[in-house]
Amino acid sequence: MKIKFIPIDYDYFDWNERNFIKIVGRDENNKRVCLIDEYTASFWAILKDDVSDKKIEDIRKKIEKIKADSSLRNSSVVRTELHNKKFLGKNVKAIKIFITNYKDGHAIADQIDFDEIEKRREYDINLITKYIIEKKVKPLMWYEVEGEIFDKFGSYDADICLKIERMKEIQEKEFFPKIMAYDIETDKFEIGRGKIVMISLVAKNFKKVLTWKKCPHNLDFVECYKDEAEMLEAFVDYIQKENIDVLAGYFSDNFDLPYLRARAEKNGIKLSIGLDGSQPKLSKGNAISARIDGIVHIDLFKFIKTNYSQYLQSETLSLNEVASELIGEKKLEWKHKHSSKIEKDEWIKYFEYNLQDSVLVYKLMEKSWPDIMEFSKIIREPLFNVSRESMSVHVENYIIHNLEKFDEIAEKRPLNDEILKRRMLGKYEGAFVFQPQPGLYEDIAFFDFTSMYSSVIVTYNLSLSTFLEKKEINSTEVFLSENHKVYFAKEKGFFPVMLEEIIKKRKQYKKEYKENQNAILKARSNAFKLLANASYGYLGFFGARYYCREAAASTAALARKSILETIEKIKKKGYKVIYSDTDSIAFLVNKTQKKIIEMLKELNSELPGIMELDLEGFYKRGIWVSKRTTTEGAKKKYALIDEDGKIKVRGFETVRRDWCRLAKKVQNEIISLILKNGNEKKALEYFNEIVKKVNKKEIENDDLIIKTQLKKEISSYAASIPHVVVAKRMLEAGLPVRIGTLIEYIVVEDKQKNMKRGKPGLVRERAELPDRVAQGEYDVEYYLNNQLIPAVENIFEVFNVDVKSLKDGKTQKKISEF
DNA sequence: GACTTGGAGGTACC
DNA sequence: ACTGGTACCTCCAAGTC
């Protein structure tokens with residue numbers, strides 16, 4: 001039988017003690033297809049140099065006799081092959097060892113401890129990953145498949161199952177999966193402790209809320225069931241009936257699916273939503289992931305966190321904020337309460353609220369699909385994994401999937417003691433940041449290096465496999481510090497070569513996207529950008545297979561050297577450099593813009609390798625301020641206005657979430673007024689008005705909330721700082737507080753009159769939960785001295801205006817003098 | 001007891 | 001633990017006089 005097929009989900013199972021791969025996907029008519037493939041797991045034993053051929057044959061014979069029997073199954077080596085391979089760039093002879101069952105790879109590898117064996121590798125690589133590499137059955141690519149009907153499964157919910165005989169990659173139209181979004185509402189927050197009150201399901205032309213609560217209304221999307229158990233059964237039915245590829249939730253790995261499983265168990269029913277009739281499988285450990293056989297369960301929260309969060313403005317990654325920013329739609333209003341306390345007519349609101357959550361998840365999933373799909377195609381890992389994995393894992397998987405071209409055997413994942421050792425090493429010297437001079441500057445140009453760290457890695461060939469223990473002829477020498485030099489080979493290593501390709505592809509797809517703006521090209525270009533950006537971090541990441549501290553430190557060192565040299569050149573051309581951070585240089589434009597572009601060309605012609613300097617932009621004006629404690633300029637804090645009047649703020653309180661909105665809004669407005677007008681006059685008037693308002697207690701509570709995230713367990717905080725004290729109080733009040741919760745508080749006047757000689761008591765004693773604070777109850781002194789003034793003081797200082805004394809009556813006269 | 005200092009903690013920049 | 005280092009700033013608590 002011959003069909004067209006696109007792989008969506010991968011899994012493996014044991015049959016007669018051997019491993020079989022099961023791929024679920026679609027055919028050209030969108031029929032659900034499952035493919036079965038026999039696959040023999042393997043790993044490598046790398047031989048030491050100079051082992052004689054005869055000895056190698058002896059060892060192979062010995063290896064072929066190895067068994068690893070357990071109560072679970074009898075495992076053994078199937079056969080061996082001898083190959084000429086590379087390991088970390090060096091030629092090696094290696095024995096490829098095929099085994100009956102992947103799960104016993106470790107047990108068998110442990111028995112290969114002959115003196116002639118240098119290393120054993122790749123027994124720590126996922127079976128699916130190895131399968132995709134070797135058999136080239138890549139996720140979300142179309143294939144023409146020949147195979148025979150496979151009916152050895154009792155019943156599998158697919159239109160057809162084939163055992164693969166031949167496969168060929170083909171070109172076909174882009175695939176779009178059938179997505180369903182879901183969300184549950186429960187009586188208690190803790191997993192399984194309360195009942196599930198309702199479940200919403202949203203797919204294309206499909207909107208439902210399932211509930212077992214009485215239905216005193218006529219909402220057509222609500223379906224009522226006798227009890228929780230019946231509702232859960234209906235949920236299972238819909239998942240089975242609707243023929244979906246992707247089930248998407250938000251925080252659903254940690255909440256919705258575990259909750260559903262727990263409640264199903266309590267009700268004595270099976271949550272058999274897998275195509276094989278199995279229940280969702282929850283992984284053990286801290287980072288729970290919930291898998292459904294044949295259906296890709298995606299927890300969008302995880303994908304958004306690793307892939308979008310750095311580009312989002314949202315203060316938190318709550319569904320409400322993320323949806324609002326990405327799709328311009330919000331959750332409905334609903335104040336959570338136990339179902340027993342919900343009034344009759346409130347239920348409609350509750351159902352609508354629940355439905356809207358799934359609508360948001362559905363739309364977010366549609367929007368994220370190109371990104372998830374492109375990552376899956378580029379990295380060649382299944383959607384389930386790609387949607388959950390961190391950037392370092394993405395980089396690593398990309399490497400592993402591309403080693404074949406280099407004949408490389410993969411390095412092993414570091415074990416715990418190795419990780420510990422790496423972490424003990426501490427930090428190495430990083431980027432250069434220019435010491436700015438506080439002031440308001442006119443006409444500024446910004447240059448920046450494109451993907452600077454990646455370009456450095458490629459240009460200087462930095463990586464684990466090119467790192468040399470000692471100086472060799474024709475090697476690159478890098479000064480890390482005065483008495484620490486390291487060396488790298490000139491011969492190209494696979495890591496820099498791969499990175500160069502990533503950078504090239506990023507450029508290519510960026511260009512293609514500009515010519516043909518569609519979501520997929522954008523996603524493709526973006527995926528390569530993210531991979532390139534994470535590569536340097538990967539080199540210095542303690543958990544990386546290809547960790548190389550020297551390479552990471554050298555990357556930073558060479559980037560420093562490069563930027564400092566460029567700064568010098570720009571200075572020599574007669575420009576005043578005012579700022580620089582890592583890969584960017586700001587300088588004053590005292591000549592025509594044409595001259596600047598000419599200089600840029602010249603600078604580029606002198607740069608080595610793929611290093612490239614780019615014009616980031618011209619700005620009409622910019623402000624740099626001093627640090628709060630000293631008079632020297634603050635780094636990483638500045639604001640710019642471009643020729644179109646667009647303002648860019650970096651580092652100021654305005655862009656920090658741990659400052660109250662009042663301080664942020666006022667600072668932002670002051671920055672804007674100053675940059676637009678070129679002086680502080682209007683800004684001072686504005687500030688004066690605000691101070692009056694604060695004094696008159698006219699500021700809304702919402703503008704006074706200070707938000708700080710709880711980053712660890714409450715008990716492990718050394719000092720009792722305001723947000724931790726408030727968090728404790730929230731816990732006592734039965735509010736959900738855990739690591740990651742954004743704690744909100746308002747500082748109120750000292751009720752206990754703890755004032756000591758006119759000075760207020762500790763902030764934590766005055767930090768109050770926002771809904772316990774009445775309008776106008778806030779502490780004027782705190783918000784003036786600890787929020788407003790610190791936020792604007794250094795800005796006005798640039799104009800020699802002392803704002804500290806503004807709140808006193810006298811100084812107001814002083815302002816009128818301006 | 002008032003003031004200084006340093007560390008913990010959080011969040012930004014690139 | 002889940003990419004890296006650099007930097008700012010607040011609040012508290014210990015240290016100093």
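Everything numeric in this text was worked out from a predicted model, so none of it was measured. Order of the sequence lines fixes the chain letters, A, B, ..., with proteins taken first and strands second; residue numbering starts at 1 for each chain.
Within the structure, ring-ring contact (aromatic ring centres under 6.0 Å, His included) contacts touching residues 414-433 of chain A (residues at least two apart or in different chains) do not occur. Residues in residues 713-726 of chain A take part in these side-chain hydrogen bond (donor to acceptor under 3.5 Å, both in side chains) pairs, two or more places apart or across chains: A/Ser720-A/Arg764. Residue pairs that meet the side-chain hydrogen bond (donor to acceptor under 3.5 Å, both in side chains) test with at least one member in residues 702-711 of chain A, sequence neighbours left out, are A/Glu315-A/Lys707, A/Arg657-A/Gln709, A/Arg661-A/Asp703, A/Lys665-A/Asp703.
Taking atom CZ of A/Arg560 as the reference point, atom C1' of B/dC14 lies 15 Å away to the nearest angstrom. Atom pair A/Leu710:CG and B/dG10:P shows a separation of 7 Å (rounding to whole Å applied). Between the CD1 atom of A/Ile563 and the P atom of B/dC14 there is a distance of 11 Å, rounded to whole Å. If you take CD1 of A/Ile706 and P of B/dT11, they are 13 Å apart, rounded to a whole angstrom. Taking atom CD of A/Glu713 as the reference point, atom C1' of B/dG9 lies 16 Å away to the nearest angstrom.
Each of A/Tyr428 and A/Tyr745 was matched to the nucleotide of DNA chain C holding its nearest heavy atom; the match closer to the 5' end belongs to A/Tyr428. Summary of the strand contacts: A/Phe432 and A/Gly543 both lie near DNA chain C, and taking for each the nucleotide with the nearest heavy atom, the more 5' one is attributed to A/Gly543.
Here A/Asn786 lies in heavy-atom contact (under 4.0 Å) with sugar-phosphate atoms only. No contact: A/Ile419 has no heavy atom under 4.0 Å from any strand. At a threshold of 4.0 angstrom between heavy atoms, the contacts of A/Glu429 are confined to the sugar-phosphate backbone, with no base atom among them. A/Tyr782 comes within contact range of the sugar-phosphate backbone alone, with a heavy-atom separation under 4.0 Å but no base atom that close. Across all strands, A/Gly430 comes closer than 4.0 Å only to sugar-phosphate atoms, never to a base (heavy-atom distances). No engagement by A/Tyr546 is indicated, since no non-hydrogen atom pair under 4.0 Å with the nucleic acid exists. The residue A/Ala718 sits close only to the backbone: its heavy atoms come under 4.0 Å of sugar-phosphate atoms, none of a base. Using a 4.0 Å heavy-atom cutoff across all strands shown, A/Ser720 reaches sugar-phosphate atoms only and no base atom. Contacts of A/Lys427 with the nucleic acid, taken as non-hydrogen atoms under 4.0 Å apart, include base atoms.
Straight-line distance between the P atoms of C/dA1 and C/dG5: roughly 16 Å, to the nearest whole Å. Using P as the reference atom, B/dA8 and C/dT3 are 24 Å apart when rounded to the nearest Å.
A side-chain donor-acceptor contact under 3.5 Å links A/Thr306 to the backbone of A/Lys302.
Checked against ring pair (Phe, Tyr, Trp, His ring centres under 6.0 Å), A/Phe384 has no partners two or more places apart in sequence or in another chain. Applying the side-chain hydrogen bond (donor to acceptor under 3.5 Å, both in side chains) rule to A/Glu411 yields the partners A/Arg121; only residues at least two apart in sequence or on another chain are considered. Take A/Tyr441 and apply the ring pair (Phe, Tyr, Trp, His ring centres under 6.0 Å) test, not counting sequence neighbours, and it matches A/Trp624. Taking the side-chain hydrogen bond (donor to acceptor under 3.5 Å, both in side chains) definition, one finds that A/Tyr745 meets it with nothing, sequence neighbours left out. Looking at residues two or more places apart in sequence or on another chain, you find no side-chain hydrogen bond (donor to acceptor under 3.5 Å, both in side chains) involving A/Glu669. Looking at residues two or more places apart in sequence or on another chain, you find no side-chain hydrogen bond (donor to acceptor under 3.5 Å, both in side chains) involving A/Tyr398.
Taking every heavy atom of residues 524-532 of chain A and every atom of DNA chain B, no pair lies under 4.0 Å. The stretch residues 654-665 of chain A touches DNA chain B through A/Val655, A/Arg656, A/Arg657, A/Asp658, each having a heavy atom under 4.0 angstrom from the strand.
Of the candidates B/dG9, B/dC14, B/dG10, the closest approach to any side-chain atom of A/Gln709 belongs to B/dG10.
Taking 4.0 Å as the cut-off between side-chain N and carboxylate O, A/Glu749 and A/Arg766 do not count as a salt-bridged pair. A salt bridge does not link A/Arg650 to A/Asp581: none of the charged side-chain nitrogens sits closer than 4.0 Å to a carboxylate oxygen. A/Arg729 has a carboxylate O that lies under 4.0 Å from a charged side-chain N of A/Glu768, or vice versa, which qualifies the two as a salt bridge.
Listed pair A/His723 / B/dG9 fails the phosphate criterion, with no side-chain N or O lying under 4.0 Å from OP1 or OP2.
For DNA chain C, the outermost nucleotides in 5' to 3' order that have an atom under 4.0 Å from a heavy atom of chain A are C/dA1 to C/dA13.
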